[in-house]
Amino acid sequence: MQKGVIILGHGSRYQEANREVFQITEQVKTVETDAKVETGFLQFAEPTLPQIVEEMNQQGVKVIIVVPLLLTWGSHIQQDLPILLQAQKRLYPHITFQLAPHLGVDRRIAEIILDRVNQGKEIGMEN
């Protein structure tokens, strides 16, 4: 496989939270069949982005597209990810790295929020 996609979550110390990123990756795999699609994390969880890049390199991937599962244009998007990808490019100059846009402002997110509004449940007072 020549193309790899890394679904990159922020990462959490709580494994239950990280499981959702793996589930999103599995959903992407059902749609994207022309690429190797894997989960990675920025921090607090494994596999890390460098670990996934090394794995993809060993499998002969030539183009890696990193898709950050981050909602806003914060320091991870502005600084951390470009620095991390530049370091990977120095280690693997034969691989083309691409950084996909973060989730950001997208009408589809508004639709998801409205869907969640309709799924809301009342929280009772607990003593």
Side-chain angles (χ1 to χ4, degrees):
M1 215 167 268
Q2 295 290 323
K3 182 170 90 171
V5 175
I6 300 174
I7 307 298
L8 189 70
H10 181 275
S12 172
R13 290 180 180 93
Y14 299 101
Q15 287 306 309
E16 301 82 30
N18 297 326
R19 245 182 251 128
E20 290 185 345
V21 180
F22 286 103
Q23 290 171 335
I24 291 168
T25 299
E26 290 306 313
Q27 291 175 345
V28 172
K29 284 180 181 180
T30 65
V31 179
E32 174 56 73
T33 58
D34 293 332
K36 177 171 180 50
V37 181
E38 296 294 340
T39 301
F41 296 97
L42 274 171
Q43 55 191 31
F44 306 126
E46 290 188 347
T48 64
L49 184 130
Q51 290 169 331
I52 295 299
V53 170
E54 170 59 24
E55 177 184 312
M56 288 185 172
N57 176 60
Q58 291 177 4
Q59 295 173 352
V61 171
K62 301 295 181 204
V63 176
I64 295 177
I65 303 153
V66 177
V67 182
L69 285 185
L70 300 172
L71 199 53
T72 60
W73 193 65
S75 62
H76 287 314
I77 297 295
Q78 294 178 52
Q79 298 167 346
D80 301 338
L81 266 174
I83 290 169
L84 186 57
L85 289 175
Q86 287 168 1
Q88 293 303 298
K89 182 64 177 174
R90 283 191 294 278
L91 290 171
Y92 307 100
H94 57 283
I95 296 177
T96 299
F97 290 91
Q98 298 176 2
L99 179 58
H102 65 291
L103 296 177
V105 179
D106 187 308
R107 176 95 180 130
R108 293 167 292 183
I109 292 173
E111 293 167 5
I112 292 169
I113 289 171
L114 291 175
D115 186 48
R116 296 301 184 264
V117 165
N118 293 326
Q119 296 174 15
K121 296 179 181 169
E122 183 176 349
I123 303 298
M125 297 296 292
E126 297 179 10
N127 294 336

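Quick caveat, the model's predicted, so the values are computed rather than measured.
- With respect to the salt-bridge test (charged N to carboxylate O, under 4.0 angstrom), the residues Lys29 and Glu26 qualify.
- Asp115 contributes atom CG, which lies 15.0 Å from atom CZ of Arg108 (distance to the nearest 0.5 angstrom).
- Using a 4.5 Å cut-off on side-chain heavy atoms (C-beta onward), Phe97 and Val53 make contact.
- Val5 and Met56 get closest at one heavy-atom pair: O-CE, 3.6 Å.
- Of the inter-residue distances, the one linking Lys36 atom NZ with Ile64 atom CD1 reads 10.5 Å to the nearest 0.5 angstrom.
- Across all their heavy atoms, Ala45 and Ser12 have their closest contact at CB-O, 4.0 Å.
- Remark: Leu85 CG to Leu49 CG distance equals 6.0 Å, nearest 0.5 Å.
- Both Ile113 and Leu103 sit in one connected hydrophobic cluster of ILVMFWY residues. Membership requires side-chain heavy atoms under 4.5 Å apart, directly or through other members.
- With a 4.5 Å cut-off on side-chain heavy atoms, Glu54 and Gln51 do not count as touching.
- Hydrophobic cluster membership is shared by Trp73 and Val66, with clusters built from Ile, Leu, Val, Met, Phe, Trp and Tyr side chains linked at under 4.5 angstrom.
- For the pair Pro47 and Thr39, the tightest heavy-atom approach, listed with the atom from each and the gap, is CG-O, 3.2 Å.
- Contact check for Pro101 versus Ile77: no side-chain heavy atoms found under the 4.5 Å cut-off.
- Under the 4.5 Å side-chain criterion, counting only non-hydrogen atoms from C-beta, Leu81 is in contact with Leu8.
- Side-chain atoms of Val63 and Gln2, non-hydrogen and from C-beta on, never get closer than 4.5 Å to each other.
- Every pair passing side chain to side chain donor-acceptor pair (under 3.5 Å) that includes a residue from residues 93-102 is listed here, sequence neighbours excluded: Asn57-His94.
- The distance from atom CG of Leu84 to atom CG of Leu42, rounded to the nearest 0.5 Å, is 7.0 Å.
- Taken from CG in Leu69 to OG1 in Thr25, the straight-line distance is 7.0 Å, to the nearest 0.5 Å.
- Atoms CD1 and CD, from Ile52 and Gln88 in turn, are 11.0 Å apart once rounded to the nearest 0.5 Å.
- By the 6.0 Å contact criterion, CD on Glu20 is open, its count of non-hydrogen atoms from other residues, nucleotides or ligands being 12 or less.
- Side-chain contact between Leu71 and Ile109 is present, with at least one heavy-atom pair separated by less than 4.5 Å.
- The heavy-atom pair separating His10 from Phe44 by the smallest distance is CE1-CE1, 3.7 Å.
- In terms of hydrophobic clustering, with Ile, Leu, Val, Met, Phe, Trp and Tyr side chains grouped at heavy-atom distances under 4.5 Å, Phe22 and Val67 are assigned to a common cluster.
- Counting all heavy atoms, side chain and backbone alike, Glu32 lies closest to Ala35 at OE2-N, 3.3 Å.
- Residues Lys3 and Asp34 share a closest heavy-atom pair of CB-O, 4.4 Å.
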